[in-house]
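Some notes on the structure that comes next.
Along the sequence shown, the residues carry numbers beginning at 1.
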Amino acid sequence: MRSPFPPLLALLALAAPAAAQEQVPPDHAAKMAKGTELFKARVREVLQTKCLKCHSGERLEGELDINTREALLKGGARGPAVVPGDHAKSLLYQLTAHLKEPHMPEGGRKLADADLQKLAEWIDLGAPYDKPFVAVDETAWTRKTIAPADRKHWAYLPLTSAKPPFSRE
């Protein structure tokens, strides 16, 4: 009896490379390089001065963290903050340009037209980062987590007053 799987696997193998080639435009590397330079030259400063205070670290308004590109693309409670290659569909641009509520930065004035233009151009180029805003060493011992079962060890229990085992009372 012949298995139906080999022809199916062959079709999948042929379709996968074609789909992967369609997703990456030929000028992708050049756009990302230009976008990274724009980020370093102007966008990093705008995001750092206008957005980072409320959207990084312990304080994440709207559950949006902009510290890394991955976090920015993931977005917050309202969905992805940026649609790489399309600033008009990007929530970050819409809110900072005051095209959509709530206007950002919160309680502040709309960004300058020159800054909005650079932000739009950066998003259209793929929204690349050169590095996170705040470097986090994930391997640092201070970032280690302790499993709940390990928290029962005496070293993690709160201090208590205890009577000595051999009291002379």
Side-chain angles (χ1 to χ4, degrees), residues 12 16 19-20 23-24 28-29 31-33 35-87 89-112 115-116 118-120 122-123 125-169:
L12 290 174
Q23 293 177 1
V24 179
H28 175 74
K31 280 184 173 181
M32 292 300 274
T36 302
E37 289 307 312
L38 181 59
F39 181 78
K40 290 191 287 188
R42 186 71 192 128
V43 175
R44 173 180 280 282
E45 179 187 345
V46 170
L47 294 177
Q48 196 155 16
T49 59
K50 304 292 185 183
C51 309
L52 199 62
K53 177 180 151 189
C54 297
H55 296 290
S56 181
E58 296 295 320
R59 184 171 181 194
L60 295 179
E61 296 289 328
E63 300 174 25
L64 174 62
D65 183 3
I66 65 164
N67 187 49
T68 64
R69 181 176 190 267
E70 292 76 22
L72 181 76
L73 295 178
K74 179 183 170 200
R78 297 181 67 185
V82 168
V83 177
D86 193 348
H87 76 273
K89 291 182 182 175
S90 297
L91 193 55
L92 175 68
Y93 180 80
Q94 294 168 357
L95 298 178
T96 55
H98 292 194
L99 301 174
K100 206 172 200 181
E101 293 281 342
H103 295 163
M104 292 291 146
E106 186 177 41
R109 294 177 26 208
K110 182 175 106 171
L111 295 180
D115 290 340
L116 284 171
K118 295 295 183 189
L119 186 66
W122 172 70
I123 292 170
L125 290 169
Y129 276 43
D130 63 331
K131 61 184 178 184
F133 283 98
V134 180
V136 177
D137 183 5
E138 295 296 331
T139 62
W141 69 272
T142 57
R143 301 284 299 164
K144 300 288 185 207
T145 56
I146 300 166
D150 293 337
R151 289 224 172 256
K152 294 178 183 171
H153 186 272
W154 66 266
Y156 297 109
L157 297 177
L159 295 175
T160 59
S161 296
K163 289 186 178 182
F166 301 107
S167 177
R168 294 185 186 217
E169 296 179 317

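By the 4.5 Å heavy-atom criterion applied to side chains, T96 and K50 are not counted as neighbours. L91 has its side chain out of reach of P80: every pair of non-hydrogen atoms, C-beta onward, lies at least 4.5 Å apart. Side-chain contact between V43 and L119 is present, with at least one heavy-atom pair separated by less than 4.5 Å. Using a 4.5 Å heavy-atom cutoff, the side chains of R44 and K131 are in contact. Using a 4.5 Å heavy-atom cutoff, the side chains of F39 and L47 are in contact. For the pair R69 and P84, the minimum side-chain heavy-atom distance is below 4.5 Å.
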Using distance only, find each side-chain donor-acceptor pair of residues 70-79 under 3.5 Å and give its atom names and separation, not counting sequence neighbours.
| from | atom 1 | to | atom 2 | distance (Å) |
| --- | --- | --- | --- | --- |
| R78 | NH1 | E101 | O | 3.1 |
| R78 | NH2 | E101 | O | 3.3 |

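Checked against salt bridge (charged side-chain N to carboxylate O under 4.0 Å, His left out), D115 has the following partners two or more places apart in sequence or in another chain: R42. The salt bridge (charged side-chain N to carboxylate O under 4.0 Å, His left out) search around K110 returns D113, not counting sequence neighbours. In this view, R151 and I146, Y156 satisfy the side chain to side chain contact (heavy atoms under 4.5 Å, CB included) rule, not counting sequence neighbours. Qualifying salt bridge (charged side-chain N to carboxylate O under 4.0 Å, His left out) partners for E37, counting only residues two or more places apart in sequence or in other chains: K40. Partners of H103 according to the ring-ring contact (aromatic ring centres under 6.0 Å, His included) rule, which considers only residues two or more places apart in sequence or in another chain, are H98.
We find the CG-NZ distance between L38 and K31 to be 13.5 Å, quoted to the nearest 0.5 Å. With rounding to the nearest 0.5 Å, the separation of CG in N67 from SG in C51 is 12.5 Å. Here the straight-line distance linking atom CG of D65 with atom CG of L60 works out to 5.0 Å at 0.5 Å rounding. Rounding to the nearest 0.5 Å gives a distance of 9.5 Å between OG of S56 and CG of L64.
A 6.0 Å sphere centred on CD of Q48 holds more than 12 heavy atoms belonging to other residues, nucleotides or ligands.
For the pair D86 and K89, the tightest heavy-atom approach, listed with the atom from each and the gap, is OD2-CD, 3.0 Å. Among all heavy-atom pairs drawn from A127 and V82, the shortest one is CB-CG1, 3.8 Å.
Ring pair W122/Y129 is tilted by interplanar angle, where 30° to 60° counts as tilted.
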